[in-house]
**Q** 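Dropping the structure in here first, questions after.
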Protein chains: 2
Amino acid sequence: MGDEHYKKQDHLLVAIDCVIFGFDRSGFKVLLIEHDFKSKKEDWSLIGGFVKKNESLDAAAVKITNKITGLRDIYLEQICTLGDVNRDPLERTISVAYYALIDIDSYDEELVKQYNASWFSINEIPDLILDHNKMVDAALKKLRFKASHQPVGFELLPFKFTLPDLQKLYEGIYNTRLDKRNFRRRILSLDVLVKTNEKEKEHSKKGAYLYKFDQEKYKKKVNKGDSLIFKPMSS
Amino acid sequence: MGDEHYKKQDHLLVAIDCVIFGFDRSGFKVLLIEHDFKSKKEDWSLIGGFVKKNESLDAAAVKITNKITGLRDIYLEQICTLGDVNRDPLERTISVAYYALIDIDSYDEELVKQYNASWFSINEIPDLILDHNKMVDAALKKLRFKASHQPVGFELLPFKFTLPDLQKLYEGIYNTRLDKRNFRRRILSLDVLVKTNEKEKEHSKKGAYLYKFDQEKYKKKVNKGDSLIFKPMSS
DNA sequence: GCAAAAGTGTTAGAACTACACCCATGC
DNA sequence: GCATGGGTGTAGTTCTAACACTTTTGC
């Protein structure tokens, strides 16, 4: 915004690209699509699209994540905007990157297949087109920060989950190993978890208690936001 | 980025708006311009401009801050991008917000006058046009985060400065009071300051020693970046 | 000589890290 | 009965926060 006249200004293509994070027992993942319109092999990219004139950035990001996952009410956060002149060789395009957190067990598998999309462990992200690797790196950095200041998990886990699962989620986010006892003490001291009487017995013989989030308290913590609740933890 | 065809897509106006932070003994400030083209009274805004087709976002932000301050090599960081459909009533415009940190004693006063710009204490930011207040809030939040993880000050202070000044800077950033002894211990333990033998005697009878940053070590800390070095501190 | 700001250490409490064993169950 | 993953407590260390007096010098 400035003192120049609007009419004569350049108008640019504006894109949205989404880093869709998901989590299951085998780890922390990103959803990528095979980007075939140049039909090179192994040409992966983020999910994206262009912003329409009558559509806000946030709305465009919702539309795009919904298109491929089928999910409504997705948690989305803006990461950054990339705008080098030649970042897209076809035409000058600026791109606003977002990340999404979804429960990996609840997306629409049909849609994902249809778009040639696959989940990649964050340790095995392939080379992506354009500057999409930069976006993934920035998304991870931002998510790690977020996770160190606010509880994270509600968006990434099913309604009920075990503490070992939650720990694996944090280990995935920080790409590190955590001490079981310290992790439990810490996460329970946040006072946002409610223990149920049910046990999950698919993944161990003894079975692990299922917990759920106390939504009220959870949201309060998330909105508070500035208090430090987790540091990247020790091994 | 997506699978749609580029030609038919909408093209949008893209603006840059800059939150220019400065610091002097009387506090922590933001530079605003009187936005007179509708000639309402007291119609303040951030400094901004439109992005040209052949100009990167970062370059546009540099150009804009340079235009009003006359400074080169300004520290700039992207904050966020705002893109509601009706955020600018004149035309659909998305705006990428940046913040700049400058030494308030070294800008070009002539230019600032010419643009009808003034410094406002961050406690007294007036109502700004469009969504510019949102940008200022986001800038502060981001700067506070940055200051809690990396040393800040090199960009905002003159080459030599006193510890009481540096403390006032942090107090300004966090809008709080800090304990002198704890502050000194902490900031010195970062091992990025070098004490000189000179004293600054304009502001006290006893005089305070001048310090400078050890640029090597400072940059190393800034690039490292992820280690927590300051929490928002106690009163 | 006194007002005004600079400078300096200690201590109690809180938080963090590291660490090892028993439990419940399916096979 | 044993292998597998779930669950639990403590002690040493480090970090943090609270706090008061002396120094210098311009007036």
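The structure displayed is predicted, hence computed values, not measured ones. Below, chain A is the first sequence line, B the second, and so on; all start at residue 1.
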**Q** Dump the intermediate steps for salt bridge (charged side-chain N to carboxylate O under 4.0 Å, His left out) on Glu200(B) and Arg25(B), then the final yes or no.
**A** CA-CA 13 Å; Glu200(B) 198 286 319; Arg25(B) 264 192 184 66; 3.6 Å; yes
**Q** Does dT8(D) have its OP1 or OP2 closer than 4.0 Å to a side-chain nitrogen or oxygen of Arg184(A)?
**A** yes
**Q** How long is the straight-line distance from CG of Asp17(A) back to NE2 of His132(A), given to the nearest 0.5 Å?
**A** 3.5 Å
**Q** Can you measure Ile187(A) atom CD1 to dG7(D) atom P for me and round it to whole angstrom units?
**A** 14 Å
**Q** So how far off straight is the helix from dG1(C)-dC27(D) to dC27(C)-dG1(D), going by the axes through five pairs at either end, to 10°?
**A** 0°
**Q** Would you find more than 12 non-hydrogen atoms of other residues, nucleotides or ligands less than 6.0 Å from Asp73(B) atom CG?
**A** no
**Q** Taking CG from Leu163(A) and P from dG6(D), how many angstroms apart are they, rounded to a whole number?
**A** 10 Å
**Q** So with a 6.0 Å cut-off around OH of Tyr75(B), is the heavy-atom count from everything else above 12?
**A** yes
**Q** Report the distance from atom CD of Glu171(B) to atom C1' of dA5(C), rounded to the nearest whole Å.
**A** 14 Å
**Q** With ring centroids as reference points, do Phe161(A) and Phe213(A) lie under 6.0 angstrom apart?
**A** yes
**Q** Can you check whether Trp119(B) and Phe21(B) have ring centres sitting under 6.0 Å from each other?
**A** no
**Q** Rounded to whole angstrom units, what separation is found between the CZ atom of Phe183(B) and the P atom of dG7(C)?
**A** 12 Å
**Q** Using a cut-off of strictly less than 4.0 Å between a heavy atom of the residue and any atom of DNA chain C, enumerate the qualifying residues of residues 194-201 of chain B by number.
**A** none
**Q** Could you tell me whether the side chain of Gln78(A) and the main chain of Thr81(B) form a donor-acceptor pair under 3.5 Å?
**A** yes
**Q** Looking at Gly153(A), is its backbone amide N or carbonyl O close enough to the side chain of Tyr170(A) to form a donor-acceptor pair, meaning the two atoms are under 3.5 Å apart?
**A** no
**Q** Could you tell me how far apart Tyr209(A) (OH) and dT25(C) (P) are, to the nearest whole angstrom?
**A** 9 Å
**Q** In whole Å, what is the span from the CZ atom of Arg185(B) to the P atom of dG9(C)?
**A** 10 Å
**Q** Send over the distance from Lys205(B) NZ to dT23(D) C1', rounded to a whole Å.
**A** 14 Å
**Q** Say whether, by atom type as modelled, one donor and one acceptor occur between the side chain of Asp24(A) and the main chain of Ile104(A) under 3.5 angstrom.
**A** no
**Q** Between the side chain of Glu171(A) and the main-chain N/O of Leu178(A), is any donor-acceptor distance below 3.5 Å?
**A** yes
**Q** Once you measure the plane-to-plane angle for Trp44(A) and Phe120(A), does it fall in the parallel (<30°), tilted (30-60°) or perpendicular (>60°) bin?
**A** perpendicular
**Q** I want to verify a distance call: between dC19(C), dG7(C), dC19(D), whose nearest atom is closest to the Asn182(B) side chain?
**A** dC19(D)
**Q** Where do N or O atoms of nucleotides 20-22 of chain C meet protein N or O atoms at under 3.5 Å, pair by pair?
**A**
| from | atom 1 | to | atom 2 | distance (Å) |
| --- | --- | --- | --- | --- |
| dA20(C) | N1 | Arg181(A) | NH1 | 3.2 |

**Q** Specify the separation, in whole Å, of atom NE2 of His203(B) and atom P of dT25(D).
**A** 18 Å
**Q** Would you say the side-chain atoms of Asp131(A) pair up with the backbone N or O of Lys134(A), donor to acceptor, closer than 3.5 Å?
**A** no
**Q** Give the nucleotide from the list dG9(D), dG7(C), dA17(D) with an atom nearest to the side chain of Ala208(B).
**A** dG7(C)
**Q** Considering only dA6(C), dG6(D), dA18(D), which nucleotide approaches the side chain of Ser204(B) most closely?
**A** dA6(C)
